[in-house]
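Working notes for the structure below.
In listed order, ligands and their atoms are each counted from 1. No hydrogens, no waters, no symmetry mates; every other heavy atom, side chains included, goes into these values. It should be emphasised that the depicted structure is a prediction, and the values quoted were computed from it without experimental measurement. Positions are given from 1, in the same order as the sequence printed here.
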Amino acid sequence: MSAKTIAIACDHGGIEMKDLLVKDLTASGWSVLDLGTDGPDSVDYPDFALKMAEALKDGRVQRGVLLCGTGIGISIAANRFAHVRAALVHDAFGARMCRGHNDANVLVMGGRTTGPEVARDCLKIFLETEFEGGRHARRVAKLS
Ligand code: RB5
């Protein structure tokens, strides 16, 4: 898949936010690998963090978005995989810093804690911000 492909996954707590963000991504030219969940039925967030980790590992995507009710559970689950740097973000500053300083490859948000316009803004910033490298590269290297 092309570098302009992004994966997105959520549990039932993030389903509305997923639908909203998929529309934005598609409208801005991204090809979206939607890993589910696809409906309101209760599911387990670690299963969707695993799907994301697999998509990053096998090279289908270089970036992803994960959503659950708070963003907490799915970020804990995603960060159990060494190649995943999942950042739980609540505002524009966090979205910028997680790329610039942490080279986050997965943006995480809470569908029940973050409003739709803030979420859209965070996603845009996450996608547009480059990793700054330098001293931050040394620190990120120490994560693995
Ligand atoms: C599901 O009810 C909820 O626990 C989940 O979406 C998430 O918030 C967990 O961290």
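Electrostatic pairing of Arg120 and Glu117 counts as a salt bridge here, judged by a charged N lying under 4.0 Å from a carboxylate O. Ion pairing between a basic and an acidic side chain is recognised when a charged N comes within 4.0 Å of a carboxylate O; Lys124 and Asp24 show no such pairing. Salt-bridge annotation for Asp103 and Arg99: present, with a side-chain N of the basic residue lying under 4.0 Å from a carboxylate O of the acidic one.
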N or O contacts of ligand 1 with protein under 3.5 Å, please list pair by pair.
unit_1	atom_1	unit_2	atom_2	d
ligand 1	2 (O)	His12	NE2	3.4
ligand 1	2 (O)	Arg112	NH1	3.4
ligand 1	6 (O)	Asp11	OD1	3.3
ligand 1	6 (O)	Asp11	OD2	2.6
ligand 1	6 (O)	Gly69	N	2.7
ligand 1	8 (O)	Gly69	N	3.3
ligand 1	8 (O)	Thr70	N	3.0
ligand 1	8 (O)	Thr70	OG1	3.2
ligand 1	10 (O)	Thr70	OG1	3.3
ligand 1	10 (O)	Gly73	N	2.8

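Checking side-chain atoms of Lys18 against main-chain N and O of Thr37 turns up a donor-acceptor pair under 3.5 Å. At least one donor-acceptor pair closer than 3.5 Å links the side chain of Asp91 to the backbone N or O of Gly94. Between the side chain of Arg112 and the backbone N or O of Gly14 there is no donor-acceptor pair closer than 3.5 Å.
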